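Just so we're clear, the structure is a prediction, and the values are computed from it rather than from any experiment. Just so it is clear: chains get the letters A, B, ... in the order the sequence lines come, proteins before strands, and each one is counted from 1.
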Amino acid sequence: MPGPAERRRLLDGLVRPPVEAAPFLLGKVLVRRLPGRELSVRIVEVEAYLGADDPAAHAYRGRTARTEPLWGAPGTVYVYFIYGMYFCLNISVEPEGRPGCVLVRAAEPVGDSAGLLAVDACRGPGRLCRTLALDTGHSGRHLFDAAAGLTLREAPPPARIQTGPRVGIRRAAERPLRFFDPTSPAVSLHRPLPPARRPRRTR
DNA sequence: ACGCTGATGCTCT
DNA sequence: GAGCATCAGCGTC
């Protein structure tokens, strides 16, 4: 669990508008406490979802029981269920009372978790929640509540950040609100940069 | 490598 | 009843 100073710096980053809070989260480490083990993953891909201006955002239709956490204090967790099989993790940002959020789309295992998990275990929002065992039971909890079993730690930001259109939406699909670390193999829809080549024989 | 499709169930109209 | 902030598997090139 982060100490008070680290917590304050993280909250300072999250209290800003989604377009700033989203890239702020890149490089930060999600720590998931589970019975018997702790998983640490570095966030490498996120998307910003705005409020009333953004028809793709869940908050666009107004408050409901499901979307209520979006209006919570910065750092409030919002998890929703989609396509009958998957959960997606969001972090509410902006001051309490505003519904902006950041979707965590992908992360790469770090520390001990790098040896336990496949590099692609958290590549994509559905896989990330499956690997971290997150579901709608976590929605409405706060990252800095010990009871959440999920917290955030500071870590160095990526050297470069790339932006692009958000994935999998129909409305407002052109806005460049996706942010990712282009060097990470854990980014979803990752296309290998050099054309694929068969391993070259040396010797 | 790339594109399409089915699975699956909750949420809101 | 339609749509959905997904993913794995399959078919085609």
Between L128(A) (CG) and dA5(C) (C1'), how many Å, whole number?
13 Å
Quickly work out the Y86(A) OH to dG3(C) P distance and round it to whole Å.
21 Å
D181(A) and R42(A), any side-chain heavy atoms less than 4.5 Å apart
yes
Mapping N90(A) and R127(A) to their closest nucleotides on DNA chain C, which lands nearer the 5' end?
N90(A)
Hey, does L10(A) have a side-chain heavy atom less than 4.5 Å from the side chain of L143(A)?
no
Length of the line joining M85(A):CE and dT8(B):P, which is rounded to integer Å:
6 Å
Picking from dA8(C), dG9(B), dT8(B), the nucleotide nearest the side-chain atoms of R130(A) would be dA8(C)
Counting Watson-Crick and G-U wobble pairs only, both distances under 3.5 Å, name the nucleotide matched with dT8(B), or none.
none
What integer distance in Å separates D135(A):CG from dT6(C):C1'?
17 Å
R105(A) side-chain N/O to dT6(C) phosphate OP1/OP2 under 4.0 Å:
yes
Mind running a 4.0 Å heavy-atom check of residues 55-67 of chain A against DNA chain C and sending the residues that fall below it, in number order?
A56(A), H58(A)
What is the separation between atom CZ on F87(A) and atom P on dT8(B), rounded to the nearest whole Å?
15 Å
Grab the CZ-P distance between R171(A) and dA2(C) for me, whole Å please.
17 Å
State whether the aromatic ring of F81(A) stacks on the base of dG9(B), taking stacking to mean ring centres under 5.5 Å apart and ring planes under 30° to each other.
no
Does D53(A) pair with R175(A) as a salt bridge, N-O distance under 4.0 Å?
no
Counting C-beta onward and ignoring hydrogens, is there a side-chain heavy-atom pair between L177(A) and E47(A) closer than 4.5 Å?
no
Please determine whether side-chain contact (heavy atoms from CB on, under 4.5 Å) holds for the pair K28(A) and L14(A), giving the CA-CA distance in whole Å, both sets of side-chain angles, and the decisive distance to 0.1 Å.
CA-CA 12 Å; K28(A) 305 292 184 293; L14(A) 296 181; over 6 Å; no
How about L70(A) and Y78(A): do any of their side-chain heavy atoms sit closer than 4.5 Å?
yes
Go through the N and O atoms of the side chain of Y83(A) and the base of dA7(B), and report whether any donor-acceptor pair is under 3.5 Å.
no
Between CZ of R170(A) and P of dA2(C) the distance, given in whole Å, is 14 Å
Is there side-chain contact between R7(A) and M1(A), with heavy atoms separated by less than 4.5 Å?
yes
For the pair made of CD1 in I82(A) and C1' in dC7(C), what is the distance, rounded to whole Å?
12 Å
